[in-house]
Asks: 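Here you go, one structure.
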Amino acid sequence: MKIEHIGIAVKHLSTSIPLFEKLLNTPCYKTEAVESELVNTAFFKTGESKVELVEGYSPESPIYKFIEKKGEGIHHIAFEVEDIDAEIKRLVNEGFTLINEVPKQGADNKLVCFLHPKFTNGVLIELVMEKK
Ligand code: ZN
(Lines give C-alpha, C1' and ligand atoms only; values in the text may rest on other atoms or scores of the structure.)
Protein backbone atom coordinates (compact mmCIF):
# COMPACT_ATOMS: atom_id res chain seq x y z
CA MET A 1 0.00 0.00 0.00
CA LYS A 2 2.79 2.40 0.89
CA ILE A 3 6.21 2.54 2.48
CA GLU A 4 5.18 2.33 6.11
CA HIS A 5 8.61 3.05 7.49
CA ILE A 6 12.33 2.86 6.89
CA GLY A 7 14.33 1.11 9.60
CA ILE A 8 17.72 2.53 10.51
CA ALA A 9 20.14 0.55 12.66
CA VAL A 10 21.82 2.68 15.31
CA LYS A 11 24.24 1.92 18.12
CA HIS A 12 22.68 4.23 20.69
CA LEU A 13 19.14 5.54 20.72
CA SER A 14 20.22 7.99 23.42
CA THR A 15 22.30 9.93 20.89
CA SER A 16 20.39 9.10 17.70
CA ILE A 17 16.96 10.26 18.93
CA PRO A 18 18.09 13.87 19.49
CA LEU A 19 20.02 13.73 16.21
CA PHE A 20 16.94 12.68 14.21
CA GLU A 21 14.72 15.14 16.07
CA LYS A 22 17.03 17.88 14.85
CA LEU A 23 17.32 16.39 11.36
CA LEU A 24 13.60 15.83 10.82
CA ASN A 25 12.47 18.79 12.94
CA THR A 26 9.87 16.61 14.62
CA PRO A 27 9.84 14.93 18.05
CA CYS A 28 10.19 11.21 18.53
CA TYR A 29 6.59 10.24 19.29
CA LYS A 30 7.13 6.76 20.58
CA THR A 31 9.78 4.39 21.90
CA GLU A 32 9.12 0.72 22.32
CA ALA A 33 11.07 -2.46 23.11
CA VAL A 34 10.39 -5.43 20.82
CA GLU A 35 11.26 -8.52 22.82
CA SER A 36 11.09 -10.95 19.89
CA GLU A 37 13.93 -9.06 18.14
CA LEU A 38 15.82 -7.93 21.26
CA VAL A 39 15.62 -4.33 20.11
CA ASN A 40 14.54 -0.91 21.30
CA THR A 41 12.82 1.22 18.68
CA ALA A 42 12.05 4.92 18.29
CA PHE A 43 9.57 6.37 15.80
CA PHE A 44 9.31 9.66 13.93
CA LYS A 45 6.50 10.75 11.64
CA THR A 46 7.59 11.93 8.23
CA GLY A 47 4.40 12.65 6.29
CA GLU A 48 2.66 9.41 5.29
CA SER A 49 5.62 7.30 6.39
CA LYS A 50 7.81 6.91 9.44
CA VAL A 51 11.41 6.54 10.35
CA GLU A 52 12.17 3.77 12.82
CA LEU A 53 15.46 3.83 14.68
CA VAL A 54 16.45 0.39 15.91
CA GLU A 55 19.00 -0.37 18.60
CA GLY A 56 19.93 -3.89 19.66
CA TYR A 57 20.02 -4.32 23.42
CA SER A 58 21.69 -7.72 23.43
CA PRO A 59 24.62 -9.20 21.49
CA GLU A 60 22.07 -11.82 20.33
CA SER A 61 19.98 -9.17 18.60
CA PRO A 62 20.00 -9.23 14.78
CA ILE A 63 20.57 -5.45 14.85
CA TYR A 64 23.65 -5.83 17.00
CA LYS A 65 25.04 -8.35 14.52
CA PHE A 66 24.10 -6.15 11.55
CA ILE A 67 26.01 -3.17 12.99
CA GLU A 68 29.04 -5.31 13.79
CA LYS A 69 29.14 -6.46 10.17
CA LYS A 70 28.08 -3.36 8.25
CA GLY A 71 28.02 -0.46 10.66
CA GLU A 72 25.10 1.83 11.31
CA GLY A 73 22.75 2.68 8.47
CA ILE A 74 19.60 1.74 6.60
CA HIS A 75 18.54 -1.69 7.80
CA HIS A 76 15.16 -2.38 6.19
CA ILE A 77 12.23 -0.98 4.24
CA ALA A 78 8.75 -1.78 5.51
CA PHE A 79 5.72 -1.94 3.25
CA GLU A 80 2.23 -1.82 4.63
CA VAL A 81 -0.08 -4.59 3.45
CA GLU A 82 -3.78 -5.10 3.93
CA ASP A 83 -3.71 -8.88 4.44
CA ILE A 84 -0.33 -10.14 5.59
CA ASP A 85 -1.24 -13.85 5.32
CA ALA A 86 -2.43 -13.48 1.73
CA GLU A 87 0.70 -11.50 0.85
CA ILE A 88 3.00 -14.11 2.44
CA LYS A 89 1.26 -16.80 0.43
CA ARG A 90 1.59 -14.80 -2.78
CA LEU A 91 5.32 -14.14 -2.22
CA VAL A 92 6.08 -17.77 -1.36
CA ASN A 93 4.29 -18.79 -4.57
CA GLU A 94 6.46 -16.29 -6.46
CA GLY A 95 9.55 -18.04 -5.09
CA PHE A 96 10.65 -15.63 -2.38
CA THR A 97 12.07 -16.92 0.88
CA LEU A 98 10.75 -15.44 4.07
CA ILE A 99 12.68 -15.26 7.32
CA ASN A 100 9.44 -15.89 9.18
CA GLU A 101 6.42 -17.26 7.35
CA VAL A 102 4.27 -16.87 10.41
CA PRO A 103 3.72 -13.17 11.16
CA LYS A 104 4.99 -12.05 14.54
CA GLN A 105 4.38 -9.19 16.90
CA GLY A 106 6.31 -6.11 15.83
CA ALA A 107 6.56 -2.58 17.21
CA ASP A 108 3.71 -0.11 16.96
CA ASN A 109 0.81 -2.60 17.21
CA LYS A 110 1.76 -4.38 13.99
CA LEU A 111 2.05 -7.92 12.74
CA VAL A 112 5.26 -8.23 10.76
CA CYS A 113 7.30 -10.61 8.65
CA PHE A 114 10.62 -10.28 6.88
CA LEU A 115 11.77 -11.42 3.45
CA HIS A 116 15.25 -12.86 3.15
CA PRO A 117 17.51 -10.18 1.62
CA LYS A 118 19.35 -12.82 -0.39
CA PHE A 119 16.36 -12.92 -2.74
CA THR A 120 15.58 -9.20 -2.80
CA ASN A 121 18.83 -7.68 -4.11
CA GLY A 122 20.28 -7.41 -0.63
CA VAL A 123 17.44 -5.28 0.75
CA LEU A 124 15.75 -6.55 3.89
CA ILE A 125 12.02 -6.11 3.30
CA GLU A 126 9.49 -6.05 6.10
CA LEU A 127 5.74 -6.46 5.60
CA VAL A 128 3.57 -4.84 8.22
CA MET A 129 -0.13 -5.04 8.90
CA GLU A 130 -1.96 -2.98 11.45
CA LYS A 131 -3.48 -5.22 14.11
CA LYS A 132 -7.22 -4.72 14.30
ZN1 ZN B 1 10.64 -2.08 10.94
Side-chain angles (χ1 to χ4, degrees):
M1 282 155 56
K2 67 175 185 194
I3 293 180
E4 213 277 334
H5 65 265
I6 294 181
I8 299 174
V10 303
K11 280 186 188 158
H12 306 293
L13 281 184
S14 55
T15 51
S16 293
I17 288 174
L19 177 76
F20 274 79
E21 285 180 332
K22 253 193 271 181
L23 173 72
L24 300 171
N25 198 24
T26 185
C28 167
Y29 71 92
K30 180 180 200 173
T31 57
E32 188 180 344
V34 182
E35 313 248 322
S36 61
E37 300 286 328
L38 306 170
V39 296
N40 293 314
T41 62
F43 285 92
F44 301 83
K45 287 201 171 92
T46 52
E48 285 255 296
S49 305
K50 299 166 195 159
V51 168
E52 175 189 33
L53 302 181
V54 201
E55 162 201 77
Y57 62 68
S58 148
E60 295 307 307
S61 164
I63 292 293
Y64 197 93
K65 288 174 187 159
F66 174 89
I67 290 176
E68 270 204 334
K69 239 164 75 183
K70 298 187 176 172
E72 295 177 295
I74 292 182
H75 177 257
H76 63 273
I77 299 178
F79 293 100
E80 184 169 38
V81 297
E82 213 152 65
D83 181 342
I84 199 166
D85 293 311
E87 200 56 27
I88 288 169
K89 221 171 143 193
R90 186 186 72 80
L91 290 165
V92 169
N93 279 336
E94 293 284 0
F96 290 95
T97 298
L98 280 80
I99 295 174
N100 59 304
E101 282 190 28
V102 178
K104 57 184 177 182
Q105 180 66 48
D108 214 20
N109 193 40
K110 301 281 199 282
L111 282 176
V112 306
C113 77
F114 288 92
L115 275 79
H116 201 294
K118 203 171 152 188
F119 305 95
T120 51
N121 290 155
V123 182
L124 180 60
I125 304 286
E126 179 183 10
L127 304 180
V128 301
M129 181 177 78
E130 184 90 41
K131 268 173 70 175
K132 281 155 201 157

Asks: To the nearest 0.5 Å, what is the distance between OG1 on Thr15 and CG on Leu53?
Replies: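 If I round to the nearest 0.5 Å, the distance is 9.5 Å.
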
Asks: Identify the two heavy atoms, one from Ser61 and one from Gly56, that lie closest to each other, and give their separation to 0.1 Å.
Replies: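 Minimum heavy-atom contact is OG-CA, 3.5 Å.
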
Asks: What distance separates His5 NE2 from Asp108 CG, expressed to the nearest 0.5 Å?
Replies: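 So the gap between those two atoms works out to 8.5 Å.
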
Asks: Taking all heavy atoms of Ile84 and all of Cys113, pick out the closest pair and write down the distance.
Replies: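 Closest approach of Ile84 to Cys113: CD1-N, 4.0 Å.
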
Asks: Quick one: pull up CD1 in Ile6 and OG in Ser49 and give me the separation to the nearest 0.5 Å.
Replies: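 Between Ile6 CD1 and Ser49 OG, I get 7.0 Å after rounding to 0.5 Å.
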
Asks: What do the steps show when you test Lys65 against Glu60 for side-chain contact (heavy atoms from CB on, under 4.5 Å), and what is the final call?
Replies: CA-CA 7 Å; Lys65 288 174 187 159; Glu60 295 307 307; 4.1 Å; yes

Asks: side-chain contact (heavy atoms from CB on, under 4.5 Å) for Phe43 and Val51? Distances and angles first, verdict last.
Replies: CA-CA 6 Å; Phe43 285 92; Val51 168; over 6 Å; no

Asks: How long is the straight-line distance from CD of Glu82 back to CE of Met129, given to the nearest 0.5 Å?
Replies: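 It comes to 10.0 Å.
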
Asks: Determine whether more than 12 heavy atoms belonging to other residues, nucleotides or ligands lie under 6.0 Å from atom NZ of Lys50.
Replies: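 Check passes, neighbour count above 12.
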
Asks: If every non-hydrogen atom of Phe66 is compared with every non-hydrogen atom of Gly73, which pair is closest and at what distance?
Replies: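 Where Phe66 meets Gly73 most closely, the heavy atoms are CE2-O, 4.3 Å.
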
Asks: Is it true that Glu87 and Arg90 make a salt bridge, defined as a side-chain N closer than 4.0 Å to a carboxylate O?
Replies: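 Counted as a salt bridge, because a side-chain N and a carboxylate O are separated by less than 4.0 Å.
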
Asks: Before accepting this row, confirm whether a basic side-chain N of the pair Lys104/Glu37 lies closer than 4.0 Å to the acidic partner's carboxylate O.
Replies: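 Judged by the 4.0 Å cut-off on N to carboxylate O distance, Lys104 and Glu37 do form a salt bridge.
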
Asks: Give the minimum heavy-atom separation between His12 and Glu72, together with the two atoms involved.
Replies: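 Taking every non-hydrogen atom into account, N-OE2, 4.5 Å.
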
Asks: Are Phe20 and Ile8 packed together at the side-chain level, in the sense that at least one heavy-atom pair is separated by less than 4.5 angstrom?
Replies: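 Side chain of Phe20 against side chain of Ile8, heavy atoms only: contact under 4.5 Å found.
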
Asks: Taking all non-hydrogen atoms of both residues into account, name the closest pair between Pro59 and Tyr64 and its distance.
Replies: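 Answer, listing the atom of Pro59 first, then Tyr64: CA-CD2, 3.5 Å.
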
Asks: If you count every heavy atom of other residues, nucleotides or ligands that lies below 6.0 Å from Ile74 atom CD1, does the total exceed 12?
Replies: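 For Ile74, atom CD1 is not crowded (no more than 12 foreign heavy atoms under 6.0 Å).
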
Asks: Under the side chain to side chain contact (heavy atoms under 4.5 Å, CB included) test against Val81, which residue among Val128, Leu127, Leu111 passes?
Replies: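 It is Leu127, the one option of Val128, Leu127, Leu111 that forms the side chain to side chain contact (heavy atoms under 4.5 Å, CB included) with Val81.
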
Asks: Is it true that His75 and Glu52 share a donor-acceptor pair across their side chains at a distance under 3.5 Å?
Replies: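 His75 and Glu52 do not have a side-chain donor-acceptor pair below 3.5 Å.
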
Asks: How many angstroms lie between atom OG1 of Thr26 and atom CZ of Phe44, to the nearest 0.5 angstrom?
Replies: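 Thr26 OG1 to Phe44 CZ: 8.0 Å, rounded to 0.5 Å.
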
Asks: Answer yes or no: is there a side-chain heavy-atom contact under 4.5 Å between Val39 and Glu55?
Replies: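 The answer is no, as the side chains (C-beta and beyond) never meet within the 4.5 Å cut-off.
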
Asks: Are side-chain heavy atoms of Leu124 and Ile99 found at a separation under 4.5 Å?
Replies: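 In short, these two side chains touch, coming nearer than 4.5 Å.
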
Asks: Going by heavy atoms in the side chains, are Leu98 and Phe114 under 4.5 Å from each other?
Replies: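 The answer is no; the side chains never approach within 4.5 Å.
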
Asks: Looking at OG1 of Thr97 and CG of Leu115, how far apart are the two atoms once the value is rounded to the nearest 0.5 Å?
Replies: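 So the OG1 of Thr97 and the CG of Leu115 are separated by 8.5 Å.
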
Asks: State, with a plain yes or no, whether a side-chain heavy atom of Glu126 is found less than 4.5 Å away from one of Glu4.
Replies: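 No, side chains not in contact.
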
